[in-house]
There are 2 protein chains.
Amino acid sequence: MASNPVDKQPQSEPFAADLLRGHTDTIVLGVLRDAQRYGFEIYKTIRDATGGLYEIKEATLYATYRRLVKDGLVEASWGDETQGGRRKYYRITDAGRAVYRKNVQDWTATQNIINKLLNVKGGTP
Amino acid sequence: MASNPVDKQPQSEPFAADLLRGHTDTIVLGVLRDAQRYGFEIYKTIRDATGGLYEIKEATLYATYRRLVKDGLVEASWGDETQGGRRKYYRITDAGRAVYRKNVQDWTATQNIINKLLNVKGGTP
DNA sequence: ACCAGTACTTTATCAGATCAAGTACTTGAT
DNA sequence: ATCAAGTACTTGATCTGATAAAGTACTGGT
């Protein structure tokens with residue numbers, strides 16, 4: 001009677017972000033490369049950049065911001081929205097740019113490694 | 001005086017495997033696609049496939065095997081090395097192949113997403 | 001006998017992502 | 001005026017997966 005529990009296949013459920021684990025810092029640094037942005041703006045930028053296909057959760061991002069600030073890769077300061085609606089702005093530092101460049105390289109290497117490993121075809125031919 | 005603490009740059013330290021977090025299962029499934037293998041063999045295959053550049057730690061892999069077996073994606077059985085030197089062999093199941101295919105697709109999508117996000121150039125041009 | 005390598009295992013720990021909830025303000029609809 | 005929804009930020013608890021560190025047990029070379 002088709003009691004098959006494999007039923008929902010929502011075609012494009014928001015991505016398992018765990019696949020990106022370790023890359024969030026780099027993604028945020030990338031978004032900050034050319035302009036300062038406030039936290040929620042970064043969140044929306046990432047969310048919208050993939051048409052909602054992929055989303056990094058707010059909690060994840062705000063934790064990331066804290067980490068990046070602690071490590072000196074970005075600087076933070078409150079905007080002067082005097083009439084309410086506070087926004088905390090983030091700017092990338094020189095150290096942040098250096099780390100960003102390195103991480104992009106590592107990411108390229110990682111892609112190559114995984115692509116290679118996923119093609120491992122068994123013994124020597 | 002060059003008291004710069006940025007000194008060591010070992011050219012190619014074994015990779016930060018955390019960059020692959022979430023992909024280990026898929027990599028192992030990939031190695032098992034065409035033949036059954038024992039645990040340590042999988043470990044060496046992965047280690048050697050990248051010339052030692054990248055290594056998934058034994059503890060990580062054995063934990064992965066357990067998880068894959070629990071989820072029915074691989075089957076395990078002891079080899080009949082009667083004179084000692086026990087080896088536990090792993091075989092991919094049909095469910096495992098299905099998951100592998102799906103994961104490879106997800107991985108491709110993930111690459112596209114990250115590559116896109118790392119190129120986010122700011123506002124509309 | 002000893003050491004290095006093969007082969008498997010367990011326990012504890014850590015970082016990063018997420019859940020769930022909360023605070024506070026603004027704007028649009030009724 | 002009030003209410004819901006969106007903007008914007010924050011916190012604490014929890015989960016997963018990777019790792020360190022240690023151990024067991026066997027084999028082959030010196």
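Chain A is the first sequence line, chain B the second, and so forth, proteins listed ahead of strands; every chain is numbered from 1.
- Here the side chain of A:R66 is nearest to one of D:dA18, C:dG16, D:dT11, namely D:dT11.
- Checking the phosphate oxygens (OP1, OP2) of C:dT26, no side-chain nitrogen or oxygen of A:R86 falls inside 4.0 Å.
- Atom CZ of B:R87 is separated from atom C1' of D:dC26 by 12 Å (rounded to the nearest Å).
- Residue A:T24 has no polar side-chain atom (N or O) positioned under 4.0 Å from OP1 or OP2 of C:dG16.
- Side chain of A:R97 to main chain of A:R33: a donor-acceptor pair is present (N/O by atom type, distance under 3.5 Å, no hydrogens or angles).
- When atom types are taken as modelled, the side chain of A:K88 and the backbone of A:A76 share no donor-acceptor pair closer than 3.5 angstrom.
- Mapped onto DNA chain C by nearest heavy atom, A:H23 and B:A63 fall at different nucleotides, with B:A63 at the one closer to the 5' end.
- When the P atom of D:dC9 is taken as reference, atom OH of A:Y43 falls 12 Å away, rounded to whole Å.
- In this structure, the CZ atom of A:R21 is 15 Å from the P atom of C:dC14, given to the nearest Å.
- Judged by distance alone, the side chain of B:T93 and the main-chain N or O of B:L73 form a donor-acceptor pair under 3.5 Å.
- OP1 and OP2 of C:dG5 both lie 4.0 Å or more from every side-chain N or O belonging to B:K44.
- Taking atom CG of A:D48 as the reference point, atom P of D:dT7 lies 9 Å away to the nearest angstrom.
- Of the candidate nucleotides D:dA18, C:dT9, D:dT19, D:dT19 has the atom lying nearest to any side-chain atom of B:K57.
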Inset, instruction - Any chance you could lay out the side chain to side chain contact (heavy atoms under 4.5 Å, CB included) test for B:L32 and B:Y100, step after step, and finish with the verdict? - result: CA-CA 10 Å; B:L32 290 175; B:Y100 172 76; over 6 Å; no

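- Between the CZ atom of A:F40 and the P atom of C:dA24 there is a distance of 18 Å, rounded to whole Å.
- Side-chain nitrogen and oxygen atoms of B:T60 include none within less than 4.0 Å of the OP1 or OP2 phosphate oxygen of D:dG17.
- Residue-level contact check: B:E41 touches neither bases nor backbone, having no heavy atom under 4.0 Å from any strand.
- Residue B:Y62 places at least one side-chain N or O under 4.0 Å from the OP1 or OP2 atom of C:dC8.
- Of the listed nucleotides (C:dT18, D:dT19, C:dG16), C:dT18 has the atom at the smallest distance from the side chain of A:A59.
- When rounded to the nearest whole Å, the span between CD of B:E58 and P of D:dG17 equals 20 Å.
- Nucleotide C:dG28: paired with D:dC3 (Watson-Crick or G-U wobble, both distances less than 3.5 Å).
- For the pair B:Y38 and C:dA7, the criterion of a side-chain N or O lying under 4.0 Å from OP1 or OP2 is met.
- Between the C1' atom of C:dT6 and the NZ atom of B:K88 lies a distance of 16 Å, rounded to the nearest Å.
- The distance from atom CH2 of B:W78 to atom C1' of C:dC8 is 6 Å, rounded to the nearest whole Å.
- Between B:E55 and B:R47, no side-chain nitrogen of the basic residue sits less than 4.0 Å from a carboxylate oxygen of the acidic one, so the salt-bridge criterion is not met.
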